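Okay, here's the structure, questions in a sec.
By convention in this document, chain letters (A, B, ...) are assigned in the order of the sequence lines, proteins followed by strands, and residues within each chain are numbered from 1. Fair warning: this is a prediction, and the values are worked out from it, not measured in the lab.
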Amino acid sequence: MENSSCSREEKKMNQEVRLRFAPSPTGYLHIGGARTAIYNWLYARKTGGKLILRIEDTDAERSTEESIQGILDGLRWLGVTWDEGPYFQSQFGEEHRAAARKLLESGKAYKCFCTREELEKKREIAREQKLDFSYDGTCRKLSPAEVEAKEAAGLPYTIRLKVPEGDGAVVFEDLVYGRIEKKYADIEDFVICRSNGQPLYLLSNAVDDARDRISHVIRGQDGLANTPKQILIYQALGLPVPRFAHMSLTLDPKRAKISKRSHGELVAVHFYREHGFLPWALVNFLVLLGWSNPDSREFFSRDELIEAFDLGGIKRANSIFNVQKNDPKFITDPKAISMNAHYLREMPVEELEPYVVAELKKAGIWQPEFAAERRDWFLKTIDLIRSRYHFLTDFATLGRPYFADDFGIEEKALKKNLLKYPDLKEWLPLLADRFAALEDFSAAETERVIREVIEELDVKAGVIINGMRTAVTGQLKGAGMFEILEILGRQRVVDRLRRVVQFFT
RNA sequence: GGUCCCAUCGUCUAGUGGCCUAGGAUAUCGCCCUCUCACGGCGGAGACACGGGUUCGAGUCCCGUUGGGACUACCA
């Protein structure tokens with residue numbers, strides 16, 4: 001009894017679920033990377049496992065501190081939380097080199113003295129003959145004496161892994177793609193260490209994953225082709241092989257992999273942040289790009305998503321992120337916008353509040369009283385105007401007339417709703433007088449007065465109401481007029497209605 | 001070129017041999033609501049890449065074709 005419980009305990013330890021997100025800091029966090037991070041995060045949260053963040057910064061030339069910060073900021077903003085790290089791959093160089101030495105000593109790898117020029121030449125020839133070039137094993141056949149002689153001569157060498165010979169194959173069960181088999185014969189003796197002694201990605205990555213006791217590697221499908229090579233490394237090193245789950249890639253409308261180079265800011269997480277996306281809306285959208293729940297649900301709370309997420313729901317086919325370049329109507333994938341708008345109008349207004357506060361502060365129209373004595377009014381205002389907004393930024397732009405007095409008048413609105421009816425010059429101030437005399441400035445009361453005046457003047461309701469709309473908000477469209485009046489309050493409404501005469505010169 | 005992966009409305013997707021005259025979402029169009037614009041409601045148009053099998057029956061299984069993608073570095 002005692003024994004079995006002990007081994008069960010051990011088993012449990014070994015089965016601990018550990019995920020990692022391992023970006024290389026060569027630019028901002030883009031939506032492809034974010035999606036990978038989100039899937040790892042979800043799986044960790046679902047299984048009660050850990051998410052490790054590892055920065056793969058061994059490419060010193062391309063890695064930047066700024067980029068590291070950008071990635072961390074992006075993850076934090078999205079709400080992707082990690083349990084360990086960030087670790088930095090560059091700090092484990094000695095460990096990677098030791099692994100290479102070990103492989104060399106155990107005969108699982110060998111020194112290759114072929115120069116780049118020689119290899120390039122062979123590649124060239126193969127290309128001309130329309131043949132496939134994979135390393136021909138020239139140096140694998142070198143005798144110990146030959147190796148010694150070359151080394152003594154000071155010739156630089158790379159280290160290559162000895163891929164097993166024979167008819168065998170590397171086989172693994174991908175959690176998304178199923179059984180994957182790659183014949184040894186189709187894998188060349190690949191380089192694991194550069195001639196300057198620097199270990200290569202395939203090696204470092206495997207060593208790091210083993211050290212961090214990663215149990216599941218969830219990454220882009222572009223890693224699928226490398227997986228057999230990495231498994232060979234694990235095996236040669238005698239390390240446990242993690243489970244792999246490869247996820248479909250995110251393509252642009254032209255079916256090319258999205259990249260910082262060709263899409264710039266449009267695919268950067270910070271672009272969505274700056275353009276008024278709610279982080280959760282973006283997460284929700286990104287998760288659905290290549291994953292779905294059997295019940296076709298589209299909106300998930302954080303807890304619901306963690307509960308519903310599973311690797312089996314990841315699609316094998318790549319999906320297209322429908323970026324709309326230079327589209328006057330959409331700044332990005334319409335579905336992403338629609339989801340953002342959905343959350344904007346459906347989420348509890350108290351949860352939306354801090355985001356709106358931030359926008360108003362950014363725009364310089366924030367008033368401390370909105371969080372104090374006028375907080376009820378503030379929340380009601382947000383609730384009134386949010387149904388026609390798509391982005392958080394709209395609260396500071398389209399919403400400006402509700403929070404500040406210096407707002408502009410839309411050209412079209414001025415012409416269509418005001419100047420077209422010169423009599424408004426008299427009518428609107430008249431309305432202002434009636435409002436001023438009103439005891440109760442409620443939506444119901446203002447509506448009563450307005451209907452009264454319409455009756456007296458015998459004009460079309462729309463002329464008065466839309467004229468007022470433009471007078472008090474500067475806009476052509478917006479919420480119901482009477483609700484707007486009540487929200488704006490008597491003083492503002494009266495002032496704005498009287499001020500309107502200036503436009504009729 | 002070689003190796004591997006993939007293939008349902010424009011886009012995201014449901015679908016694991018009969019429930020599919022293929023469902024939902026988004027975008028688009030129309031109608032309703034209406035003081036405008038949204039929201040909301042209702043409705044329209046819109047897909048199983050193609051060809052062979054297997055089967056009583058195929059979007060679903062097999063093969064081929066076509067198309068797309070990834071990988072193919074002393075980058076990560």
Taking the side chain of Arg194(A) as its heavy atoms from C-beta onward, which of G10(B), G1(B), A76(B) lies nearest to it?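 Nucleotide nearest to Arg194(A)'s side chain: A76(B).
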
Using a 4.0 Å heavy-atom cut-off, does Asn417(A) contact any base of the nucleic acid, only the sugar-phosphate backbone, or nothing at all?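 Answer is nothing: Asn417(A) stays at 4.0 Å or more from every strand.
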
Worksheet item: Nearest nucleotide by nearest heavy atom, which residue falls closer to the 5' end of RNA chain B, Asp132(A) or Arg116(A)?
Response: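 By nearest-heavy-atom nucleotide position, the 5'-most residue is Asp132(A).
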
**OP:** Find the distance Lys122(A):NZ to G1(B):P and express it as a whole number of Å.
**Re:**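 In whole Å, G1(B) P and Lys122(A) NZ are 24 Å from each other.
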
> Between A76(B), C74(B), G68(B), which nucleotide gets closest to the side-chain atoms of Arg255(A)?
Replying inline: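 Selected nucleotide: G68(B).
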
Tell me, please, which residues at least two apart from Phe300(A) pass ring pair (Phe, Tyr, Trp, His ring centres under 6.0 Å).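 Listed in chain order: Trp291(A).
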
Mind checking the C1' distance from U21(B) to A25(B)? Whole angstroms is fine.
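Per the computed distance, 22 Å lies between those C1' atoms.
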
Residues at least two apart in sequence or cross-chain that pass side chain to side chain donor-acceptor pair (under 3.5 Å) with Glu120(A), listed by chain then number, are Arg123(A)

Tyr201(A) meets the side chain to side chain contact (heavy atoms under 4.5 Å, CB included) criterion, sequence neighbours left out, with Glu56(A), Asn205(A), Arg219(A)

### Query
Between G10(B) and G46(B), how far is it from one C1' atom to the other, in whole Å?
9 Å

Protein heavy-atom contacts under 4.0 Å, written 5' to 3' over nucleotides 3-9 of chain B as B (base), S (sugar-phosphate only) or - (none), form the string S-SSSS-

query: Checking all strands, does Gln89(A) fall into the base, sugar-phosphate, or nothing category for heavy-atom contacts under 4.0 angstrom?
result: sugar-phosphate

Please state whether the phosphate of G2(B), meaning OP1 or OP2, lies under 4.0 angstrom from any side-chain nitrogen or oxygen of Arg127(A). no

- Query: Start at the 5' end of RNA chain B and walk down; is the nucleotide closest to Cys114(A) or to Leu249(A) reached first?
  - Reply: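 Mapping each residue to its closest nucleotide by heavy atoms, the 5'-most match is Leu249(A).
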
Could you please name the partner base of U36(B), counting Watson-Crick and G-U wobble pairs only when both distances are under 3.5 Å?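 For U36(B), the partner nucleotide comes out as none, under the 3.5 Å rule.
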
List the atom pairs, with distances to 0.1 Å, where a side-chain N or O of residues 22-37 of chain A and a protein N or O form a donor-acceptor pair under 3.5 Å, not counting sequence neighbours.
residue  : atom : partner   : partner atom : Å
Tyr28(A) : OH   : Gly264(A) : O            : 2.5
His30(A) : ND1  : Gly32(A)  : N            : 3.1
Arg35(A) : NE   : Thr250(A) : OG1          : 3.2
Arg35(A) : NH1  : Tyr39(A)  : OH           : 3.1
Arg35(A) : NH1  : Leu289(A) : O            : 2.5
Arg35(A) : NH2  : Ser248(A) : O            : 2.2
Thr36(A) : OG1  : Gly32(A)  : O            : 3.1

How would you list, by chain and number, every residue that makes a side chain to side chain contact (heavy atoms under 4.5 Å, CB included) with Gln221(A), sequence neighbours excluded?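 With sequence neighbours excluded, Gln221(A) shows a side chain to side chain contact (heavy atoms under 4.5 Å, CB included) to Tyr177(A), Leu224(A), Leu249(A), Asn318(A), given in chain and number order.
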
Provide the distance between the two P atoms, one in U60(B) and one in G52(B), to the nearest whole Å.
14 Å

Exercise. Kindly say if Arg123(A) contacts the phosphate of A73(B), meaning a side-chain N or O under 4.0 Å from OP1 or OP2.
Key: yes

Distance-only donor-acceptor hits, side chain of residues 409-423 of chain A, under 3.5 Å, sequence neighbours excluded:
residue   : atom : partner   : partner atom : Å
Asn417(A) : ND2  : Asn466(A) : O            : 3.4
Asn417(A) : ND2  : Thr470(A) : OG1          : 2.9

- Send over the distance from Leu289(A) CG to G69(B) P, rounded to a whole Å.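 After rounding, the reported distance stands at 17 Å.
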
From CE of Met247(A) across to P of G69(B) the rounded distance in Å is 19 Å

Please list, for nucleotides 23-27 of chain B, all pairs of protein and nucleotide N/O atoms separated by less than 3.5 Å.
residue : atom : partner   : partner atom : Å
A25(B)  : O4'  : Glu298(A) : OE1          : 3.1
A25(B)  : O2'  : Glu298(A) : OE1          : 2.3
A25(B)  : O2'  : Lys335(A) : NZ           : 3.2
A25(B)  : N3   : Lys335(A) : NZ           : 2.9

Separation of C74(B) atom C1' from Asp189(A) atom CG, nearest Å, is 15 Å

By side chain to side chain donor-acceptor pair (under 3.5 Å), Thr446(A) pairs with (sequence neighbours left out) none

- prompt: What integer number of Å spans the C1' atoms of A47(B) and U13(B)?
  reply: 12 Å

Per-nucleotide protein contact along nucleotides 35-49 of chain B, 5' to 3', at a 4.0 Å heavy-atom cut-off (B base, S sugar-phosphate only, - neither), is BBBBSS---------

Could you list the donor-acceptor pairs under 3.5 angstrom formed between side-chain atoms of residues 452-464 of chain A and any protein atom two or more places apart in sequence or on another chain?
residue   : atom : partner   : partner atom : Å
Glu452(A) : OE2  : Arg448(A) : NH1          : 2.9
Glu456(A) : OE1  : Arg434(A) : NH2          : 2.8
Glu456(A) : OE2  : Arg434(A) : NH1          : 3.1

- Query: When rounded to the nearest Å, what value does the distance between C1' atoms of G15(B) and U8(B) take?
  - Reply: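 Approximately 9 Å lies between the C1' atom of G15(B) and that of U8(B).
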
Q) Which nucleotide, A76(B), U11(B), U13(B), lies nearest any side-chain atom of Ile320(A)? A)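 Closest nucleotide to the Ile320(A) side chain: U11(B).
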
Check: Sequence neighbours excluded, which residues qualify as ring pair (Phe, Tyr, Trp, His ring centres under 6.0 Å) partners of Tyr402(A)?
Finding: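 Applying ring pair (Phe, Tyr, Trp, His ring centres under 6.0 Å) to Tyr402(A) gives none.
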
(request) Give a yes/no answer on whether the side chain of Thr26(A) brings an N or O atom under 4.0 Å of OP1 or OP2 in A76(B). (result)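 So the side chain of Thr26(A) is outside the cut-off, no N or O lying under 4.0 Å from OP1 or OP2 of A76(B).
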
Checking C75(B), U13(B), C74(B) against the side chain of Arg62(A) (C-beta onward), the nearest is C75(B)

| request: Please assess Tyr135(A) against Phe190(A) for the test ring pair (Phe, Tyr, Trp, His ring centres under 6.0 Å), listing each intermediate value before the final yes or no. | output: CA-CA 8 Å; Tyr135(A) 184 61; Phe190(A) 54 96; over 10 Å; no

